[in-house]
Q: 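Let me give you the structure first, and then I'll get to my questions.
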Amino acid sequence: MIDLKLLQKDFDALSAKLSRKGVDAELLKELKQKNETLKEAKATYETLQAAQNAMSKEFGIYKQQGKDVAELKAKVDANKLKINDALEAQRIAQEALELLAMAIPNIPDDSVPEGADENDNVEIKKVLTPRSFSFTPKEHWELAEQNGWIDFERGVKLATSRFSVLHTEAAKIERALINFMLDFNAQRGFAEMSVHAIVNRAALEGTGQLPKFENDLYKLEGQELFLIPTAEVPLTNLYQDEILPPEALPILMTGYTSCFRKEAGAAGRDTRGMIRQHQFHKVELVAITKPEESEKVFEDMVACASDLLSALELPHRLVRLCAGDLGFGAAYTVDLEVWLPGQNTYREISSVSNTRDFQARRAKIRYKDGKNNTLVHTLNGSSLAVGRTLIAIMENFQNEDGSITIPEVLKPYIR
RNA sequence: GGAUAGAUGGGUGAGUUGGCUGAAACCACGUCCCUGCUAAGGACGCGUACGGGUAACCGUACCGAGGGUUCGAAUCCCUCUCUGUCCA
């Protein structure tokens, strides 16, 4: 959630920043209006309630002294009616404000480039040079079929489209990748965590998936529980509604989970192959930091993901997301795109974001900053999407006969 | 699944014939004082959120969650969640 005080104080500046993310100024005006309405409603209610509390106190004294309370009771009863109205008005104002405020995305950082969609993203740098092939490199699904690595048909049979099953060698590589990634991240100081894949509404509100993106989530029948779309949700919300001691920060975590997404808005995109699945595996990085150190931790996380790709000998590039392509909760984001020779293009394999205090405000994660409680900064990044890493290995390490070489660093992990 | 007990501040833990308890006491923690050496004594402070005020401070809300009764609820009633113990 954005800082409503900022909205009251410096509306024009905030509005200008959020318009880059496609937020209409009218919507913000409405938000500001609703915030003011709530403040007034609260003030009214609290004044009345203060009077009521004072009278109630008097009431007790009257009773003790055996005085007649009839007159006082009449006054108190009359006030009560006003309180009920005021309380109702406050409740309505509160709901209206929250409904709107929870749907406003984070403020993009000034460093975020202008732009509408992924075509306006800005490349920062390329890492490793794609190898040149003496033959035409195949796409991963051809290789998958030829090697018998991925069973798309049976995956669909078991569930529905966008599901697939890995066979023998590919399954082993997947497991090796997960282990390799977790070990790699641990060496960079990220503590390995094993979290569950089912969370409640509060957790998803904390990280910003709800209330706005309920359509993208798998919800459990008859329960207020959802399958996680990313480990960012359980990892970040671990500290929901807590006040952390300053010496606990930064908290650096890594965790492997399955991720579940309906991909509601992606009909027709990447239908072929294993790029976009309803259930996929991902190793995630999450950091909880003091505000002043989030910038540095962000750079560390980007470096971690990039170095991981380099260790796997996968050519990739770093891309700064433009305002229009930025996610809901991110103040700024760097995507890592891996080279896919079969597709002859770079494809997203990791996304690292600093949400600053956006999630912290929603999830109420603070730390003791001397005498004050200050909102922390939260960051998240994939390191990496496992399925896409497998694809990248297949395409980059393919040989002319269709066989696939295993990257050196993975060999110790495969038995 | 059945029976039963319980859920209070950083921790332990009072308070349940409704009002003087936002919450005793102890511990932990912080600042200061004293003392001076293998450890101790004293004073004060010490929950969170929101709103108002330059500030001291004031107001409102919160004793698992939600609702109800009442002029007034941590204390009474209802629903839910979770935990302990015992029985299947």
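Small disclaimer: the values here were computed from a predicted structure and weren't measured.
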Q: Nearest-Å distance, CG (A/Leu4) to C1' (B/G51)?
A: 14 Å

Q: How far does the C1' atom of B/C46 sit from the matching atom of B/C27, given to the nearest Å?
A: 13 Å

Q: Between atom CD in A/Gln94 and atom P in B/G66, what is the gap in whole Å?
A: 13 Å

Q: Would one find more than 12 heavy atoms of other residues, nucleotides or ligands at under 6.0 Å from atom CD of A/Glu145?
A: no

Q: Enumerate the protein-to-nucleotides 18-21 of chain B contacts in which both atoms are nitrogen or oxygen and the separation is below 3.5 Å.
A:
residue: B/G19; atom: N2; partner: A/Ser56; partner atom: O; Å: 2.7
residue: B/C20; atom: N4; partner: A/Gln64; partner atom: NE2; Å: 3.3

Q: Is it true that, when you exclude A/Arg320 itself, more than 12 heavy atoms of the residues, nucleotides or ligands shown sit nearer than 6.0 Å to its CZ?
A: no

Q: State, to 0.1 Å, how close A/Gly206 and A/Asn237 come at their nearest heavy-atom pair, and which atoms those are.
A: CA-OD1, 3.9 Å

Q: Give the residues of residues 196-211 of chain A touching RNA chain B, defined as any heavy atom closer than 4.0 Å, sorted by residue number.
A: none

Q: Measure from the side chain of A/Gln49, starting at C-beta and using heavy atoms only, and say which of B/A61, B/C71, B/G51 lies closest.
A: B/A61

Q: Between B/G19 and B/A73, how far apart are the C1' atoms? Round to whole Å, please.
A: 9 Å

Q: When only distance counts, do a donor and an acceptor, one from the side chain of A/Glu46 and one from the base of B/G51, lie under 3.5 Å apart?
A: no

Q: Is the distance between the ring centroids of A/Phe280 and A/Phe260 less than 6.0 Å?
A: no

Q: With a 3.5 Å cut-off and no angle check, do the side chains of A/Thr257 and A/Glu284 form a donor-acceptor pair?
A: no

Q: State yes or no: are the ring centers of A/Phe328 and A/Phe358 separated by less than 6.0 Å?
A: yes

Q: Please list, for nucleotides 29-31 of chain B, all pairs of protein and nucleotide N/O atoms separated by less than 3.5 Å.
A:
none

Q: Is there side-chain contact between A/Ile406 and A/Phe397, with heavy atoms separated by less than 4.5 Å?
A: no

Q: Short of 4.0 Å, heavy atom to strand atom, which residues of residues 71-86 of chain A count as contacting RNA chain B?
A: A/Lys73, A/Val76, A/Asp77, A/Lys80

Q: Figure out the OH/P separation between A/Tyr45 and B/C50, and round it to whole Å.
A: 18 Å

Q: Among B/C71, B/U48, B/A61, which is the nearest nucleotide to the side chain of A/Gln52?
A: B/C71

Q: What I want to check is whether the side chains of A/Glu214 and A/Gln209 have a donor and an acceptor closer together than 3.5 Å.
A: no

Q: For nucleotides B/C26 and B/A14, find the distance between their C1' atoms and express it as a whole number of Å.
A: 11 Å

Q: Checking side-chain polar atoms at under 3.5 Å, does A/Thr355 have a donor or acceptor matched by the opposite partner on A/His377?
A: no

Q: Report the relative orientation of the aromatic rings in A/Tyr332 and A/Phe298; use parallel for angles under 30°, tilted for 30 to 60°, perpendicular for over 60°.
A: perpendicular

Q: Taking atom NZ as the centre, does A/Lys157 end up with more than 12 heavy-atom neighbours from other residues, nucleotides or ligands that are less than 6.0 angstrom away?
A: no

Q: Remember a base hit wins even if backbone is also touched, and classify A/Ala43 as base, sugar-phosphate or nothing at under 4.0 Å, heavy atoms.
A: nothing

Q: Would you compute the distance between atom CG of A/Asn147 and atom CD of A/Gln398 and round it to the nearest 0.5 angstrom?
A: 9.5 Å

Q: Taking only side-chain nitrogens and oxygens of A/Asn53, does any of them come within less than 4.0 Å of OP1 or OP2 of B/U60?
A: yes

Q: Provide the closest heavy-atom pair for A/Ile349 versus A/Leu384 in the form atom of the first, atom of the second, distance.
A: O-CB, 4.1 Å

Q: For RNA chain B, find the residues of residues 238-251 of chain A with a heavy-atom distance under 4.0 Å and give them by number; none if there aren't any.
A: A/Ile243

Q: How many whole angstroms separate atom CD of A/Glu224 from atom P of B/A65?
A: 19 Å

Q: What integer number of Å spans the C1' atoms of B/C20 and B/A74?
A: 16 Å

Q: With no hydrogens and no angle check, do the side chains of A/Ser258 and A/His281 hold a donor and an acceptor under 3.5 Å apart?
A: yes

Q: In whole angstrom, give me the gap between the P atoms of B/U17 and B/U69.
A: 22 Å

Q: Dot-bracket, RNA chain B: Watson-Crick or G-U, under 3.5 angstrom, [ ] crossing, | other strand?
A: ((((((((.[[[..)...(.....]]].(((((.......))))).((((((....)))))).[[[[[..)....]]]]]))))))).

Q: What's the gap between B/A23 and B/C71 when it is taken at their C1' atoms, as a whole Å value?
A: 22 Å

Q: Would one find more than 12 heavy atoms of other residues, nucleotides or ligands at under 6.0 Å from atom NZ of A/Lys411?
A: yes

Q: Can A/Tyr62 and A/Glu71 be counted as having a side-chain donor-acceptor contact under 3.5 angstrom?
A: no

Q: Rounded to the Å, how far apart are A/Leu225 CG and B/C82 P?
A: 10 Å

Q: Whole-Å distance between B/G52 C1' and A/Leu38 CG?
A: 15 Å

Q: Do you know the tightest heavy-atom contact between A/Ala392 and A/Leu314?
A: O-CD2, 3.7 Å

Q: Could you tell me how far B/C62 sits from B/G9 if I compare only their C1' atoms? Round to whole Å.
A: 11 Å

Q: What is the distance, rounded to the nearest whole Å, between atom CD of A/Gln8 and atom C1' of B/C50?
A: 14 Å

Q: Over how many whole Å does the gap from A/Asn35 atom CG to B/G51 atom C1' extend?
A: 11 Å

Q: With rounding to whole Å, what would you report as the distance between B/C82 and B/A25 at their C1' atoms?
A: 28 Å

Q: For A/Asp270, is there an ion pair with A/Arg162 - N to carboxylate O distance below 4.0 angstrom?
A: no

Q: Within the structure, does a side-chain N or O atom of A/Lys368 lie under 4.0 Å from either OP1 or OP2 of B/G47?
A: no

